[in-house]
*Asks:* 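Quick one: this structure, given as structure tokens, is what I'll be asking you about.
Computation of the quantities below employed the complete heavy-atom set of this structure, encompassing side-chain atoms and omitting hydrogens, waters and symmetry-equivalent molecules. Numbering starts at 1 and runs along the sequence shown.
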Amino acid sequence: MPMQYDFRKYHYKSINAATDEERAAINQELKDMYGSLPDTEKEEFNRQLQVFLAKEMGRLKSDYESVKGGLGDN
């Protein structure tokens, strides 16, 4: 069974980062994790990351449309 990566944890850490430097350090953590993986696991990491990003973008789009729609009713 492939390892499950907790991209949400990094996403929330990045959202709550106080500075660009802190955000860059969080991104570097992910890059370092990816770099430490065996080549056989990198494909699964990328697949899970793409799934997470697609879901997150879909959620953001839905939230945006809800807000936009609510503003149009005023």
*Asks:* Going by heavy atoms in the side chains, are R23 and K13 under 4.5 Å from each other?
*Replies:*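 A side-chain contact is absent here, since even the closest heavy-atom pair is not under 4.5 Å.
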
*Asks:* Can you see which heavy atom on K42 is nearest to which on G35, and at what distance?
*Replies:* NZ-O, 4.2 Å

*Asks:* Going hydrophobic residue to hydrophobic residue with side-chain gaps under 4.5 angstrom, can you get from M3 over to L49?
*Replies:* yes

*Asks:* For residues 35-61, which residue pairs qualify under ring-ring contact (aromatic ring centres under 6.0 Å, His included), counting only residues two or more places apart or in two chains?
*Replies:*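 Listed once each, the pairs are Y5-F45, F7-F45, H11-F52, Y34-F45.
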
*Asks:* Flag the pair R8 and E56 as a salt bridge only when some basic side-chain nitrogen lies within less than 4.0 angstrom of an acidic carboxylate oxygen.
*Replies:*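 Yes, charged N to carboxylate O under 4.0 Å.
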
*Asks:* Report whether L53 and M33 are members of the same hydrophobic cluster (ILVMFWY, side-chain heavy atoms less than 4.5 Å apart, transitive linking).
*Replies:* yes

*Asks:* Looking only at non-hydrogen atoms, find the nearest pair between I26 and A17 and report the distance.
*Replies:*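 Taking every non-hydrogen atom into account, CD1-CB, 4.2 Å.
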
*Asks:* Classify the side-chain pair D32/Q28 by whether it contains a donor and acceptor separated by less than 3.5 Å.
*Replies:* yes

*Asks:* Test of understanding: with side-chain hydrogen bond (donor to acceptor under 3.5 Å, both in side chains), list the residues that count as partners of D6, not counting sequence neighbours.
*Replies:*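 side-chain hydrogen bond (donor to acceptor under 3.5 Å, both in side chains) list for D6, sorted by chain: empty.
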
